[in-house]
Every structure is written in C-alpha cells, then in structure tokens.
2 protein chains.
Amino acid sequence: MRELTRAEEEVMQVLWKLKKGFVKEILEHFDEPKPAYNTVSTIVRILQDKGFVSHKAYGRTHEYFPLISKNEYSKMHLSTFVNDYFSNSFEKMVSFFAKEKSISVKEMEEIMKIMEGEVKKQKAK
Amino acid sequence: MRELTRAEEEVMQVLWKLKKGFVKEILEHFDEPKPAYNTVSTIVRILQDKGFVSHKAYGRTHEYFPLISKNEYSKMHLSTFVNDYFSNSFEKMVSFFAKEKSISVKEMEEIMKIMEGEVKKQKAK
DNA sequence: GTTGCATAACTAATTTATTCGTTGTATATT
DNA sequence: AATATACAACGAATAAATTAGTTATGCAAC
C-alpha cells in the first residue's frame with residue numbers, strides 16, 4: 001500500500017475524526033488558513049483513486065468515508081518505520097525510547113501492566 | 001526540523017551506515033538499479049543545504065558525513081507520528097501494538113525486563 | 001422557466017522533488 | 001605541455017504533489 005502525502009494525510013485525519021463527511025464538513029475542520037473548497041475536493045478524489053476513501057452519493061453530493069482505519073494505517077506506517085530504523089525489531093525501538101527517557105516511569109509501568117496481561121492471555125492459549 | 005523526502009532518506013540511510021563517504025561510495029551502496037552519480041551528488045548537496053550533512057574537503061573531493069544521527073532523526077520522526085496518531089501518548093502506541101499482537105511474547109518479555117531496569121534506575125535517583 | 005446557488009468534475013498553474021546531462025576545473029598520465 | 005580522468009557545480013528536464021480557477025449540471029427560489 002502507498003503512503004499518504006502530507007496533504008492527503010491531513011484530509012484523512014479529519015475523515016478519521018468525523019467518520020464520514022461532505023467536502024464542506026471536512027473543510028470546516030481545517031485550521032486557518034483554510035484551503036479552498038476545491039483543494040479539499042481534489043484531494044479527497046485523489047484519495048478515492050488511491051483506494052483510501054469511498055463515497056456514498058446523495059443526489060449530486062458525495063459523503064466521503066475512509067476505507068482504511070487510522071489504526072490500520074498507523075500499523076502499516078509504523079511497520080515501515082521499525083523496519084527502516086530498527087531493523088524490523090519492535091523491541092529495539094521500544095527499548096531505545098525507554099532508555100532515551102522519552103517514556104516516563106508512569107508510562108512504562110502502565111505499559112508493563114498491559115504487556116503482562118497480554119503475555120498471560122497469549123500463553124493461556 | 002524538516003522531514004526527509006524519500007530520495008533524501010535513502011541517501012541518509014547509506015550515510016548512517018557508512019558513517020561518512022564520498023559520493024562514489026554512497027552510490028556503491030545503492031541497490032540496482034543504481035541512480036546516476038549526479039543524482040546522488042545533487043541529493044547530498046541538498047541535504048547539506050538543509051543541514052542534515054556536512055563535508056570535509058580533500059582537495060577538490062568531498063567526504064560527506066551526517067550532522068544528525070539516525071537515532072536523533074528517528075526520535076524526531078516517531079514523536080511526530082505518536083503525536084499525530086496516538087495523541088502524543090507513547091503508552092497508547094505501545095499498548096495498541098501489544099494488543100494487536102504486532103509484538104511477540106518474547107519481545108514483550110524482553111521489553112518488560114528493560115523497562116524494569118529503567119524504572120529502577122529512574123527511581124533510584 | 002429564468003436566475004442564483006451549490007457541488008462535482010475537469011483542468012490549469014504553481015510548487016516541490018527527482019533525475020541526470022553539461023560544464024569547468026583540478027589532478028594524474030603520458 | 002597535451003590528453004585523459006574525476007569530480008563538484010550548475011542547470012535543464014521531468015515527475016509528483018499541491019492549490020485553486022473554470023465549467024457543467026442539478027436544484028431551489030422566485
């Protein structure tokens with residue numbers, strides 16, 4: 001699957017938030033300075049061509065919605081990143097950030113708790 | 001700081017691996033089909049303008065080296081990602097991938113071990 | 001039904017990124 | 001010194017992404 005360009009990603013972020021929306025609605029959720037209506041309209045049609053969104057037609061107006069969830073996309077995106085920067089090892093990545101103190105003690109404790117639960121769940125099978 | 005474009009990133013990956021290198025050497029580390037010498041030369045000079053690399057001159061030839069480490073860049077890059085996709089919470093991101101089973105039990109156990117060490121270290125202070 | 005408005009589709013213009021040919025110069029080779 | 005070689009610098013050509021104007025059509029208001 002392709003990666004989103006910067007402009008495409010901004011539109012997707014709005015669509016993920018809204019779940020679905022008309023061009024007008026998407027536009028409203030942009031920060032100032034807002035792009036032109038047609039700019040958003042074009043991008044959303046490009047996203048459609050690339051298979052990231054689809055639409056439901058109400059007469060002549062289109063309500064767009066994502067075909068890929070934010071979670072799916074982030075999963076794909078992070079996989080690429082982990083592959084390119086941490087030789088495909090999730091562990092290397094997390095360890096690096098833990099050591100870099102980008103993760104607080106509180107966060108680490110929370111993560112460990114969740115992982116313990118997951119490990120238990122996996123092993124139970 | 002700016003993000004690297006696709007072509008720029010490929011050159012940086014080689015430079016990070018080599019630590020330093022002449023255009024010719026960088027070129028050698030590209031997979032087939034290799035780009036033209038001038039293509040790499042141009043990209044490396046763009047990277048220099050953007051402040052990602054610098055060079056040492058030996059007479060008329062230049063040996064380029066990164067000004068930003070792979071770790072620094074990956075840190076910056078992942079921060080943006082975590083901010084955009086996990087409302088700036090590292091914990092949310094890791095938890096998501098743990099639950100998605102993108103992280104194996106073995107990896108999780110390893111991560112927990114490292115985190116325990118880090119937590120202990122932090123608390124000792 | 002004519003006018004005005006809203007919207008999608010199309011297209012043009014602009015900007016940014018990518019690729020590589022050409023040129024000039026220094027150095028090595030003969 | 002003439003020729004060949006290697007490289008950086010420059011710049012042209014192309015490609016990709018971004019932005020927004022223009023056009024066509026349908027619908028609503030009058």
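Residue numbers begin at 1 in each chain, while the letters A, B, ... track the order of the sequences.
Pairs passing the ring pair (Phe, Tyr, Trp, His ring centres under 6.0 Å) check and including a residue from residues 99-125 of chain B, sequence neighbours excluded, do not occur. The ring pair (Phe, Tyr, Trp, His ring centres under 6.0 Å) pairs that include a residue from residues 92-125 of chain A are A:F86-A:F96, A:F97-B:F90, where partners are two or more places apart or lie in different chains. For residues 28-42 of chain A, the side-chain hydrogen bond (donor to acceptor under 3.5 Å, both in side chains) pairs, not counting sequence neighbours, are A:S41-A:R45. Pairs passing the ring pair (Phe, Tyr, Trp, His ring centres under 6.0 Å) check and including a residue from residues 100-122 of chain A, sequence neighbours excluded, do not occur. Residue pairs meeting the ring pair (Phe, Tyr, Trp, His ring centres under 6.0 Å) criterion with at least one partner in residues 105-125 of chain B, sequence neighbours excluded, do not occur; the list is empty.
The other members of the hydrophobic cluster of B:F22, by chain and number, are B:Y58 (side-chain heavy atoms under 4.5 Å, ILVMFWY only). The hydrophobic cluster containing B:F65 also includes B:L67, under a criterion of side-chain heavy atoms closer than 4.5 Å among ILVMFWY residues, counted directly or through chains of members.
With a cutoff of under 4.0 Å to any heavy atom of chain B, the contacted region of DNA chain D is bounded 5' to 3' by D:dC7 to D:dG11.
Direction change of the helix axis from one end of the helix from C:dG1-D:dC30 to C:dT30-D:dA1 to the other is 10°, with five pairs defining each end axis (rounded to 10°).
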Extract from the structure each pairing of a protein N or O with an N or O of nucleotides 20-30 of chain C at less than 3.5 Å, listing the distance.
{"from": "C:dC20", "atom 1": "OP2", "to": "B:A36", "atom 2": "N", "distance (Å)": "3.0"}
{"from": "C:dC20", "atom 1": "OP2", "to": "B:T39", "atom 2": "OG1", "distance (Å)": "3.0"}
{"from": "C:dC20", "atom 1": "N4", "to": "B:T42", "atom 2": "OG1", "distance (Å)": "2.2"}
{"from": "C:dG21", "atom 1": "N7", "to": "B:N38", "atom 2": "ND2", "distance (Å)": "2.7"}
{"from": "C:dG21", "atom 1": "O6", "to": "B:N38", "atom 2": "ND2", "distance (Å)": "3.2"}
{"from": "C:dT22", "atom 1": "O4", "to": "B:N38", "atom 2": "ND2", "distance (Å)": "2.9"}
{"from": "C:dG24", "atom 1": "N2", "to": "B:R60", "atom 2": "NH2", "distance (Å)": "2.8"}

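Listed by chain and number, the residues in a side-chain contact (heavy atoms from CB on, under 4.5 Å) with A:A124 amount to none (sequence neighbours excluded). For A:S87, the side-chain contact (heavy atoms from CB on, under 4.5 Å) criterion is met by A:K92, not counting sequence neighbours.
What separates CD of B:E8 from P of C:dA17 is a distance of 7 Å, to the nearest Å.
Among the atoms of the strands shown, only primed sugar atoms or phosphate atoms (P, OP1, OP2) are found under 4.0 Å from some heavy atom of A:R6.
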